[in-house]
*Asks:* 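Input: one structure, supplied below.
Hydrogens, waters and symmetry mates play no part in the numbers below; they use all other heavy atoms, side chains included. These numbers come from a predicted model, not from an experiment.
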Protein chains: 2
Amino acid sequence: MPGPTVPEGYDKYAHEPFAVTADLAVLTIRDGVLHVLLVERGQEPYQGHWALPGGFVQPDESAETAARRELAEETGLSDVSELHLEQLRTYSEPDRDPRMRVVTVAFTALLPHPPEPHGGSDAAQACWVPYDKAGPLAFDHDRILADAHDRVGAKLEYSSLATAFCPPEFTLGELQHVYEVVWGTALDRPNFRRKVLATPGFVEPVPGAARLTGGRGKPAALYRPGTATTLHPPLLRPTPEGRPA
Amino acid sequence: MPGPTVPEGYDKYAHEPFAVTADLAVLTIRDGVLHVLLVERGQEPYQGHWALPGGFVQPDESAETAARRELAEETGLSDVSELHLEQLRTYSEPDRDPRMRVVTVAFTALLPHPPEPHGGSDAAQACWVPYDKAGPLAFDHDRILADAHDRVGAKLEYSSLATAFCPPEFTLGELQHVYEVVWGTALDRPNFRRKVLATPGFVEPVPGAARLTGGRGKPAALYRPGTATTLHPPLLRPTPEGRPA
DNA sequence: TCGACTATTAGTCACTACGACTATAAAGAG
DNA sequence: CTCTTTATAGTCGTAGTGACTAATAGTCGA
């Protein structure tokens, strides 16, 4: 097989190559508020604007591998093991990058306890920004971020995704807080507890452990993520749209 | 802006271009069985093998536009208006095409009444194949097809997607048949009816119309798709996995 | 015309799930 | 000790659901 020449069947397209990037909407909870990781672009286009972290997929990488690498480069986060990474969707409108044809594969990542990021190679600066204050972003990243938020909110209902926001051992109060922050609604605590414990495989108790970390009130029991990935029954959010009479 | 030259910031990747394709998992119901549209590849690689229809995204197209165009080219289907097209996910493993780096954006399409396809430009042959008999496919198309089936099955639960499999006016029996064929399970007819009619915006009755098409038994009332896109409450499938005691 | 036969539509019943709410338990602060 | 705070336990009425029975309205065949 010839290396640099283009094989038969591909030639009429190969003179217009595509660049492929991987962008990440990295979400976490800081001080009880949903935050997203943003970088300040260090070069044109959109120099000085805020954007989602990401970069070009290299020839020997899958898009997911590239996403993990870019995230480590731009945040200095080395421990990617406790990182929940999920493909969101691909954005391919011809004019989404003003310079050339760039197709981006967007990912959503969730972090339990956010590290303090630092500026890396491509990005002039990286920091956590409250989701509500994530202003106009470069390219179509506003839409990507909104899609990521929608997806995460929906997946909380029927998957055990919420534990990815929590440390390895967590209280039910912390788990409930994840739902409240992402959905933007308050939940009844006894009912939430009943539903979580009634869903097999969602969480399992840590025997004899309780959170003692300086909180007032009764110490809460600790739980670990269970074996289930999908929740039966699901944890439906209150009135996502018009409720039946 | 210079045309053929590569702008600053992209140059170190541009010498390794990616090809981007759009592939489709087109599903329909024929004779009560779930079918998928396959093409026989007319050229290498995988010449003579069956594959999902699809093709290269052209420079002025989005992936979705390319998917619609390819589908029309390879099946002769001109009426793309009643075609439900949805992005599935993107497959970007470096070795998924043996010749060069090809990233594919996969789509799922649902057709209500399948036309008889004919071979087109790129494909030697195109035809409907029962989902269960869709043998080993070219590239990673087996996995794409399985992912499409999973996604459609899941979306039936909480969206009004099933009406996309049905003609503009349909009976509740036809709608139920969609669920049974995709899920591979039998459903209780009175209960299905009760749940569909209790979900606001799912379907709305066509006044005074009934299906008279030569069937035995009582003629069924006709319904149209309603205005809802998500279902509340959802139509959960029976015991997708271990049921609680 | 008179049943079979078939498919749709209506209704029953027990059980589960859930929202709203109240009550108790266990810690720290003063 | 007492008040405050948070976790945990329980109650009650209602809505949703699976399994099932019954009635309705057509076609088909003798």
*Asks:* Got a list of protein N/O to nucleotides 2-6 of chain D N/O distances below 3.5 Å?
*Replies:*
{"from": "D:dT6", "atom 1": "O2", "to": "A:Lys218", "atom 2": "N", "distance (Å)": "3.3"}

*Asks:* Counting side-chain heavy atoms from C-beta on, which of C:dC18, D:dG18, C:dA20 comes nearest to A:Lys195?
*Replies:*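 The answer is C:dC18.
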*Asks:* Under 4.0 Å, counting only non-hydrogen atoms across every strand here, what does A:Arg194 touch: a base, just sugar-phosphate, or nothing?
*Replies:*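 Base, at least one base atom sits under 4.0 Å.
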*Asks:* Whole Å only: how far is the CZ atom of A:Arg237 from the P atom of C:dC18?
*Replies:*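 Rounding to the nearest Å, CZ of A:Arg237 and P of C:dC18 are 16 Å apart.
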*Asks:* Checking A:Asp188 side chain against A:Asn191 main chain: does a donor-acceptor pair fall under 3.5 Å?
*Replies:* yes
*Asks:* I'd like to check the side chain to side chain donor-acceptor pair (under 3.5 Å) partners of A:Glu180; sequence neighbours left out, ordered by chain and number.
*Replies:* A:Gln176
*Asks:* Is DNA chain C part of any stem, that is, at least 3 consecutive Watson-Crick or G-U pairs with both distances under 3.5 Å, and where?
*Replies:*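 Runs of three or more consecutive pairs: C:1-30 with D:1-30.
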*Asks:* For B:Asp188 and C:dA10, give me the distance from atom CG to atom P, rounded to whole Å.
*Replies:*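 That distance rounds to 15 Å.
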*Asks:* Does the A:Ser62 side chain pair with the main chain of A:Thr65, one donor and one acceptor, at a distance under 3.5 Å?
*Replies:*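 Checked: pair present.
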*Asks:* Please identify each residue that fulfils salt bridge (charged side-chain N to carboxylate O under 4.0 Å, His left out) with B:Arg89, with sequence neighbours left out.
*Replies:*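 Residues passing salt bridge (charged side-chain N to carboxylate O under 4.0 Å, His left out) with B:Arg89: none at all.
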*Asks:* Rounded to whole angstrom units, what separation is found between the CZ atom of B:Arg193 and the C1' atom of C:dT9?
*Replies:*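 So the two atoms are 5 Å apart, to the nearest Å.
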*Asks:* Ring centres of A:Tyr158 and B:Tyr158 under 6.0 Å apart?
*Replies:*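 Ring centres of B:Tyr158 and A:Tyr158 closer than 6.0 Å.
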*Asks:* Have B:Tyr91 and B:Asp23 got a donor and an acceptor in their side chains that come within less than 3.5 Å?
*Replies:*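 No.
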*Asks:* Send over the distance from B:Leu236 CG to C:dT16 P, rounded to a whole Å.
*Replies:*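 From B:Leu236 CG to C:dT16 P: 17 Å.
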*Asks:* For the side chain of B:Pro190, starting at C-beta, report the closest nucleotide among C:dT9, C:dA26, D:dA25.
*Replies:* C:dT9
*Asks:* For A:Phe192, which residues count as a ring-ring contact (aromatic ring centres under 6.0 Å, His included) partner, sequence neighbours excluded?
*Replies:*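 A:Phe192: ring-ring contact (aromatic ring centres under 6.0 Å, His included) contacts with A:Tyr179.
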*Asks:* Identify which one of B:Val26, B:Val182, B:Leu27 satisfies the side-chain contact (heavy atoms from CB on, under 4.5 Å) criterion when paired with B:Leu110.
*Replies:* B:Leu27
*Asks:* In whole angstrom, what separates B:His232's NE2 from C:dC18's P?
*Replies:*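 One finds 14 Å between P of C:dC18 and NE2 of B:His232, rounded.
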*Asks:* Quick one: ring-ring contact (aromatic ring centres under 6.0 Å, His included) partners of B:His149, sequence neighbours excluded?
*Replies:* B:Tyr131
*Asks:* Take atom CG of A:Leu187 and atom P of C:dA20, then tell me their distance rounded to the nearest Å.
*Replies:*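 Interatomic distance, CG of A:Leu187 to P of C:dA20: 10 Å.
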*Asks:* When the distance from CZ of A:Phe192 to C1' of C:dA20 is rounded to whole Å, what number comes out?
*Replies:*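 Nearest whole value for this atom pair: 17 Å.
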